[in-house]
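Each remark here refers to the structure printed beneath this line.
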Amino acid sequence: MSETTAGYPRSVEARSMPRGGGWPWLAGFGGLGHARHRAPIRRWRTWLALICLVGLGIRLFYLFHWLHPVPVQGDPYYYHEAANLFADGRGWPDPYELRLSGHYVADAQYPPLTSVLLAIPSLFGFTSFLSHQIFSCLLGVGAIVLVALAGRRVAGPATGLVAADLAAVYPGMWLNDPLVMSETTGILTCAWLILAACRFRDRRGRLDAAVLGLALAAVMLARAELALLAFVLVVPLIGLARGLAWRRRLGLLALATLTSVLAVVPWTIYNLTRFSEPEYLSTGLGTTLAVTHCPATYYGEHLGWWSFDCVLALPPAPSERSERDVEAYAEV
């Protein structure tokens, strides 16, 4: 009888064998009998490391051959400056307003995880935009690793390496990395969520449910709209788990929910203490609706897209970010 451990077949009986693979006289030689089992794992990790190097090379080539130097503006400027401000202990203001007028205006236009991760190199003095671009490429490599682990858990070692190959070279996976966009963090956390979901499917323990909830929280803190994965993935996965009593399923679902809430609630409490209107993840909903719903986006060259003409058509909004969000939403 056999079972699978991380994509590798393993004899159940072998678990009770002495060190040395069933030959007692080998036990004194440091477990030489296990070397045959460890070799495929080492080869798999070696191949994965090579794939990650290729993926990193593609991202850095795109950065230095095509992008650098690049004007820092738009969303990349926000993530970059927010990371440095956070690392300096200045909280979470609007970087645009701070640059243009010098006024400190509390802001939560985007969920925090992208800038929080970019703050890691900032804490060590690497505060330039290029430093954040390189670090974002490293986050993209982290996504390759998680994709590989998820593929291996789903269908074995070969599938994991094929999945890693695709994650390394597919433009949709690496284009945003050197641009410093939240898509990088979204892909990274989604890969973690998929891996956690596969782990829960195989094991269905309390720890697995807690890790699943933590991964869901990371996804939401990367991009607010990905909170929908709670209803599309997490709830069905736990609620429809076969072989578990309903009481057990509800308990695991409650645990995953609690873990997710505990991970998100510090950011939510922080927002509730600095805005007049309730803001839980971000203040970007009203603004997003405002720039995408007006005649300029219903007809002509910007059909189905967004336009600053939509913003110009609105009356002057209040500077307080939560009130501006509510007003923009109301205008739409």
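These values consider heavy atoms only, across backbone and side chains, with no hydrogens, waters or symmetry-generated copies. These numbers were taken from a predicted model, which means no experiment stands behind them.
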With a cut-off of 3.5 Å and sequence neighbours excluded, list every side-chain donor-acceptor pair involving residues 170-179.
unit_1, atom_1, unit_2, atom_2, d
Trp174, NE1, Val169, O, 2.9
Trp174, NE1, Tyr170, O, 3.4
Asp177, OD1, Thr184, OG1, 2.6
Asp177, OD2, Arg59, NE, 2.7

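Here the side chains of Leu216 and Leu193 are in contact, with some heavy-atom distance below 4.5 Å. Two residues are said to be in side-chain contact when any heavy atoms from C-beta on lie closer than 4.5 Å; Tyr79 and Ser136 fail this criterion. Asp75 is not listed as a side-chain neighbour of Val180, based on a closest heavy-atom distance of 4.5 Å or more. Here the side chains of Leu229 and Cys190 are in contact, with some heavy-atom distance below 4.5 Å. Between Cys198 and Ile194, the closest side-chain pair of non-hydrogen atoms falls below 4.5 Å. At least one side-chain heavy atom of Leu252 sits under 4.5 Å from a side-chain heavy atom of Arg206.
Linking ILVMFWY residues whenever their side-chain heavy atoms come closer than 4.5 Å, directly or via other members, leaves Val116 and Tyr280 in distinct clusters. Note on Leu207 and Trp192: same hydrophobic cluster, where clusters join Ile, Leu, Val, Met, Phe, Trp and Tyr whose side-chain heavy atoms are under 4.5 Å apart, directly or indirectly. Residues Phe61 and Ile134 share a hydrophobic cluster, clusters being chains of Ile/Leu/Val/Met/Phe/Trp/Tyr side chains in contact below 4.5 Å. Hydrophobic clustering, with ILVMFWY side chains joined whenever heavy atoms are under 4.5 angstrom apart, keeps Leu146 apart from Leu166. Under the 4.5 Å side-chain contact rule for hydrophobic residues, Met181 and Tyr62 share a cluster.
When the shell of 6.0 Å around CZ of Arg90 is examined, it contains 12 or fewer heavy atoms from other residues, nucleotides or ligands. Around the OH atom of Tyr270, the shell of radius 6.0 Å holds more than 12 heavy atoms that belong to other residues, nucleotides or ligands.
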(request) Go through Leu221 and Leu281 one step at a time and tell me if the side chain to side chain contact (heavy atoms under 4.5 Å, CB included) criterion holds. (result) CA-CA 7 Å; Leu221 292 172; Leu281 280 176; 4.1 Å; yes
(request) Just do the side chain to side chain contact (heavy atoms under 4.5 Å, CB included) check on Leu237 and Leu212 with the steps written out, would you? (result) CA-CA 10 Å; Leu237 179 66; Leu212 183 63; 4.0 Å; yes
(request) Would you sort out whether Leu48 and Cys52 count as a side chain to side chain contact (heavy atoms under 4.5 Å, CB included), showing the intermediate values? (result) CA-CA 6 Å; Leu48 178 58; Cys52 287; 4.1 Å; yes
(request) Tell me, with the steps shown, if Thr257 and Leu253 meet side chain to side chain contact (heavy atoms under 4.5 Å, CB included). (result) CA-CA 6 Å; Thr257 302; Leu253 182 59; 4.3 Å; yes
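Smallest separation of non-hydrogen atoms from Ala108 and Asn271: CB-OD1, 3.9 Å. Heavy-atom minimum distance, Phe200 versus Ala209: CD1-N, 3.8 Å. For Pro111 against Ala224, the heavy-atom pair with the smallest separation is CG-N, 3.5 Å. Of all heavy-atom pairs spanning Val147 and Ala164, the tightest one is CG1-N, 4.4 Å. Phe135 and Pro121 make their closest contact through CG-CG, 3.8 Å (heavy atoms, listed as atom of the first residue, atom of the second, distance). Shortest non-hydrogen contact noted between Ser260 and Met220 is OG-CE, 3.3 Å.
The backbone N or O of Val105 lies less than 3.5 Å from no partner atom in the side chain of Asp94, so there is not a single donor-acceptor pair. Under the 3.5 Å distance criterion, the side-chain polar atoms of Arg249 are left unmatched by any main-chain donor or acceptor of Ile238. Arg274 places a side-chain N or O within 3.5 Å of a backbone atom of Trp92 that can act as its donor or acceptor partner. Judged by distance alone, the side chain of Thr259 and the main-chain N or O of Leu255 form a donor-acceptor pair under 3.5 Å.
Looking only at atom types and distance, the side chain of Tyr96 has no donor-acceptor partner in the side chain of Asp107 under 3.5 Å away. With hydrogens and angles left out, the side-chain atoms of Thr114 and Thr185 include a donor and acceptor closer than 3.5 Å.
Here the CZ-CG distance, from Arg201 to Asp208, works out to 12.0 Å after rounding to the nearest 0.5 Å. One finds the CZ atom of Phe64 at 8.0 Å from the CD atom of Gln133 (value rounded to the nearest 0.5 Å). For the atom pair CG (Leu63) and CG (Leu130), the distance works out to 6.0 Å, reported to the nearest 0.5 Å. In this structure, the separation between OG on Ser122 and CD on Glu81 is 9.5 Å, given to the nearest 0.5 Å. Rounded to the nearest 0.5 angstrom, Leu123 CG and Asp88 CG are separated by 9.0 Å. Interatomic distance, Ser182 OG to Tyr110 OH, rounded to the nearest 0.5 Å: 8.0 Å.
In summary, Arg223 and Glu183 engage in a salt bridge, as defined by a charged side-chain N under 4.0 Å from a carboxylate O.
Between His80 and His132, the ring-plane angle classifies as perpendicular under the 30° and 60° cut-offs.
Just one of Leu188, Val219, Thr189 meets the side-chain contact (heavy atoms from CB on, under 4.5 Å) condition when paired with Leu113; it is Thr189.
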